Amino acid sequence: MAQQPLPTPTTFPTPEDLKDLQGELGFPKRAEDFVFFTIQDVAGFKQALKQLQPLITSTADVQAARKQIDDHKKCNAPGLLKIVGTNIAFSAKGLTKLGVTESLGDADFAAGQLADAQNLGDTGTTDSSGNFVPDWLPQFKSAIDGILLIAGDSILTVEEQRNKVELVLGKTINAVLTVNGLVRPGKEKGHEHFGFLDGVSLPGIQTLTGLLPGQQAVDPGVLVLGQNGDTVTRPAWAKNGSFLAYRQLNQLVPEFNKFLNDNPLDLPGLTRPEGSELLGARLVGRWKSGAPIDITPLKDDPALGADPQRRNNFDFSDATDQSRCPFSAHIRKTNPRTDLPQAAVAPHQIMRQGIAFGPEVTLLEAAAGKTAPGVNRGLAFVCYQSAINQGFSFLQHTWANNINFPPKPTLANPTEEIGFDPIIGQNGGDKAGRVTIGQNPNAQSTPMTLPVEWVVSKGGEYFFSPPISALTGKLAA
Ligand code: HEM
């Protein structure tokens with residue numbers, strides 16, 4: 001079928017958009033299951049999709065759930081509200097199985113993540129035919145047709161919902177892998193496994209949520225297909241869809257902590273543990289509390305980290321010097337703010353919705369500085385965008401792995417390298433190691449060699465999260 005150009009909408013979101021857009025973007029959750037599946041019976045699956053549709057959570061549902069939670073908190077009601085949300089998305093292979101063969105206008109999605117693995121810098125080997133084979137979980141190297149995302153206030157709620165969903169889909173699908181995401185316990189709630197508060201800086205769509213001070217504004221079309229700012233022509237039915245990049249990222253937490261303990265930054269007035277804490281903050285660009293080092297460079301400020309009105313209100317405008325924040329810090333590599341003109345940053349914004357998986361570090365692992373054999377812990381990384389090669393893949397390949405990014409023509413030595421993003425930058429497992437610059441504020445040109453990649457890719461896939469209308473329409477036809 002020929003692609004029809006979409007009319008340019010004047011406002012986003014309309015009430016219809018809110019009901020059509022799946023709601024994982026912003027769903028409040030304590031636990032989340034990711035079920036990766038293949039479609040076994042196409043005709044049966046299409047029938048089942050129609051029954052599944054009422055269980056799928058829209059953005060309007062998320063807004064209602066958030067309001068309920070606010071009201072619950074305002075009246076100091078005890079416990080957590082029972083909240084559950086379900087979303088579904090399809091790989092290119094899955095869409096093809098369903099008979100959807102027209103292009104969605106995204107080459108990375110169409111080719112799948114396996115084809116992108118080498119470009120992303122994942123480690124792997126070359127087989128006898130010269131093909132790159134990444135060191136991924138076998139499931140991500142075989143066909144995956146779709147993903148179910150089931151999130152809720154507790155493991156129990158998520159399990160209940162998963163049973164309901166599996167009852168509807170029955171034998172029409174085969175679950176090839178389930179990842180159980182879980183928010184970390186106690187004071188670590190909302191912190192990823194290295195200990196840093198996550199989900200702090202997300203782009204905002206003025207007309208959807210308003211903007212907090214310092215928050216990056218984006219056109220809706222940067223995240224949602226067919227909306228203002230989406231520059232690609234899409235099939236009409238795909239409007240209000242979004243591309244979902246999933247990454248299974250193991251984190252070597254004891255190894256990361258050992259590196260910080262062994263290499264404290266030696267600055268006047270800092271104890272050894274404070275020097276280690278500062279190094280960690282400079283690798284990320286924020287303290288564990290979420291406070292940005294661009295605002296508070298030498299000492300954590302938990303009140304700042306907890307304050308949405310202040311914690312994103314910075315711009316790296318001190319562009320010639322790394323005393324406050326290294327150019328290579330994770331948050332500077334992935335969102336360089338005023339290091340680049342605004343028009344060069346906005347198209348690369350992504351909406352991250354990941355969650356931690358795996359057990360807490362044991363005392364034995366902490367003492368050994370080594371992850372125990374067979375233990376997998378890390379981040380089930382999820383992000384949404386309207387173009388994968390502008391969003392996730394671009395950030396990983398062109399910014400995080402690029403030792404010359406961000407460009408610094410203002411430096412005394414403008415050809416000086418910036419180095420890898422020390423958290424996620426990767427070089428295909430090159431034994432020479434990864435080098436990052438600017439970590440020591442008093443010796444900003446001194447390179448620091450990082451011993452291992454602390455974030456290890458175990459694979460993933462690119463999915464299309466369709467508009468809810470397509471579940472009973474295009475995809476079920
Ligand atoms: C295990 C892997 C990762 C860890 C531990 C991690 C950790 C963090 C932390 C602690 C923050 C700061 C808090 C926040 O703003 O939410 C952050 C921000 C961010 N991360 Fe990651 N991240 C990981 C993977 C990735 C990947 C794979 C990408 C994209 C390729 C990415 C892109 C971003 C972006 C865009 C931001 C926001 C930057 C800003 O606007 O200030 N992260 N990450």
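Fair warning: this is a prediction, and the values are worked out from it, not measured in the lab. Counting convention: from 1, in listed order, for ligands and their atoms alike. These numbers come from the heavy atoms of this one structure, side chains and all, not from hydrogens, waters or symmetry mates.
- Taking 4.0 Å as the cut-off between side-chain N and carboxylate O, Asp339 and Arg332 count as a salt-bridged pair.
- Applying the 4.0 Å criterion to heavy atoms of Glu192 picks out, from ligand 1, the atoms 5 (C).
- Contact annotation: for Arg337 versus ligand 1, heavy atoms closer than 4.0 Å belong to the side chain alone.
- Which of Val456, Leu395, Asn250, Leu379 comes nearest to atom 3 (C) of ligand 1 through a heavy atom is settled by distance: it is Leu379.
- Considering backbone and side-chain N/O of Arg352, one or more are found under 3.5 Å from N/O of ligand 1.
- With no hydrogens or angles considered, a side-chain donor-acceptor pair links Ser328 and Thr436 at under 3.5 Å.
- When heavy-atom distances to ligand 1 are checked against a 4.0 Å cut-off, Val200 comes that close through both its backbone and its side chain.
- Those atoms of ligand 1 with a heavy atom of Gly199 less than 4.0 angstrom away are 14 (C), 16 (O).
- Aromatic ring centroids of Trp454 and Phe194 lie 6.0 Å or more apart.
- Ring pair His348/Phe394 is parallel by interplanar angle, where below 30° counts as parallel and above 60° as perpendicular.
- Annotation for ligand 1: atoms under 4.0 Å from non-hydrogen atoms of Leu197 are 10 (C), 13 (C).
- In terms of protein heavy-atom proximity, atom 22 (N) of ligand 1 is nearest to His330 NE2, 3.0 Å.
- Side-chain contact between Ile150 and Thr86 is present, with heavy atoms from C-beta onward closer than 4.5 Å.
- Closest protein heavy atom to atom 29 (C) of ligand 1: Phe381 CZ, 3.7 Å.
- Annotation: Gln251 places no N or O atom under 3.5 Å from an N or O atom of ligand 1; distance criterion only.
- Looking only at side-chain heavy atoms (C-beta outward), Ile331 and Phe314 come within less than 4.5 Å of each other.
- Close contacts between ligand 1 and Phe196 involve ligand atoms 10 (C) [criterion: under 4.0 Å to a heavy atom].
- Note: Phe392 and Phe381 have tilted aromatic rings, judged against thresholds of 30 and 60 degrees for the angle between ring planes.
- Ligand 1 has no nitrogen or oxygen under 3.5 angstrom from a nitrogen or oxygen of Phe392.
- Every atom of ligand 1 is numbered from 1 in the order shown, and the set under 4.0 Å from a heavy atom of Asp198 is 16 (O).
- Annotation for Asp430: atom CG counts as buried by contact number, over 12 foreign heavy atoms lying within 6.0 Å.
- Atom CG of Leu267 is surrounded by more than 12 heavy atoms from other residues, nucleotides or ligands within 6.0 Å.
- Closest to atom 24 (C) of ligand 1, if we only count protein heavy atoms, is Ile424 CG2, 3.4 Å.
- Ring to ring, Phe243 and Tyr384 are not that close: their centroids are 6.0 angstrom or more apart.
- Distances below 4.0 Å separate heavy atoms of Val455 from the following atoms of ligand 1: 1 (C), 2 (C).
- Backbone and side-chain nitrogen or oxygen atoms of Asn335 are examined, and one is located within less than 3.5 angstrom of a nitrogen or oxygen of ligand 1.
- Protein heavy atom nearest atom 40 (O) of ligand 1, with residue, atom name and distance: Ser201 OG, 2.6 Å.
- Neither the backbone nor the side chain of His193 comes within contact range of ligand 1; no heavy atom lies under 4.0 Å.
- Checked for salt-bridge contact, Arg377 and Glu365 meet the test: a charged N lies under 4.0 Å from a carboxylate O.
- Among protein heavy atoms, the minimum distance from atom 4 (C) of ligand 1 is reached at Ile423 CG2, 3.9 Å.
- Each of Asp108, Asp106, Asp116 was scored for a side chain to side chain donor-acceptor pair (under 3.5 Å) with Tyr462, with one residue passing: Asp116.
- The single protein non-hydrogen atom nearest to atom 12 (C) of ligand 1 is Ile331 CG2, 3.7 Å, given as residue, atom name and distance.
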